[in-house]
Amino acid sequence: DQQVKQNSPSLSVQEGRISILNCDYTNSMFDYFLWYKKYPAEGPTFLISISSIKDKNEDGRFTVFLNKSAKHLSLHIVPSQPGDSAVYFCAASDNAGGTSYGKLTFGQGTILTVHP
Amino acid sequence: GAVVSQHPSWVICKSGTSVKIECRSLDFQATTMFWYRQFPKQSLMLMATSNEGSKATYEQGVEKDKFLINHASLTLSTLTVTSAHPEDSSFYICSATIEFGGNTEAFFGQGTRLTVV
């Protein structure tokens, strides 16, 4: 049962344009969402997160949007740069029982390629 | 920012031997660490939650006797893959969380590529 889904295995974008990465979830208990960037044979690098009490969080070129009713979130990267090429994972957590947010459920990942 | 260091970054071992992977929080104390596993072209799957000073909590389907977790200090958790088999070959990643300014963030180690031959 895949509770966090990234239905697009890959995305190709021209440099300078916007990259939009999508993520859907099924568990309504999830209340904290994160996006990670990952290179092969390396651990994920945190990009940006959003709490369920918000619908948007922005950090530089990265913006995450959350639509709770649709159980959908997206990561916007603008402008896209060739250095953004990597695998992007969305992850979700529920703070059930006051435990930490470290117990994450990941999506399958989307390979982003930004062409010069 | 907070740093989580994982060692070794890669290891090759023979079937039947055991391998220990270390996960350290370098500049903060982590009462809880997490161990994930990633197969090629697949997502990261949580294996277990490592709790300092107590037993680890394993996810369903993960053999606790095969994947031994020890969290003896606030900065170190170890994962030992016992009697390794080729199907244990995978990418293992640890993470630790830190809370600051009302936010909680999870930081990941560099990962360990285990190949069992």
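Since this is a predicted model, take the numbers as computed values, not measurements. Every chain is numbered from 1 and lettered A, B, ... according to where its sequence line falls, protein lines coming before strand lines. Heavy-atom basis, side chains included; hydrogens, waters and symmetry copies ignored.
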*Asks:* Quick one: what part of Gln6(B) sits under 4.5 Å from any heavy atom of chain A, side chain, backbone, both or neither?
*Replies:*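 Nothing of Gln6(B), per the 4.5 Å heavy-atom cut-off to chain A.
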*Asks:* Let's test your reading of the structure: which of Lys38(A), Gln108(A), Gln2(A) forms the most heavy-atom pairs below 4.5 Å with chain B?
*Replies:*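 Highest number of pairs under 4.5 Å: Lys38(A).
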*Asks:* Any luck finding a side-chain donor-acceptor pair between Thr82(B) and Ser18(B) under 3.5 Å?
*Replies:*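 No, no side-chain donor-acceptor contact under 3.5 Å.
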*Asks:* What residues, two or more places apart in sequence or in another chain, satisfy ring-ring contact (aromatic ring centres under 6.0 Å, His included) together with His76(A)?
*Replies:*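 In terms of ring-ring contact (aromatic ring centres under 6.0 Å, His included), with neighbours along the sequence ignored, His76(A) is linked to Phe65(A).
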*Asks:* Checking heavy atoms, do the side chain of Ile93(B), its backbone, both or neither come under 4.5 Å from chain A?
*Replies:*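 The side chain, not the backbone.
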*Asks:* Are side-chain N/O atoms of Asn67(A) and Ser69(A) paired as donor and acceptor at under 3.5 Å?
*Replies:*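 Indeed, the side chains of Asn67(A) and Ser69(A) share at least one donor-acceptor pair under 3.5 Å.
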*Asks:* Check whether Tyr39(A) gets within reach of chain B through its side chain, its backbone, both or neither, counting any heavy atom under 4.5 Å.
*Replies:* neither
*Asks:* Closer than 4.0 angstrom, basic N to acidic O: yes or no for Asp55(A) and Lys68(A)?
*Replies:*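 Looking at Asp55(A) and Lys68(A), the cut-off is not met.
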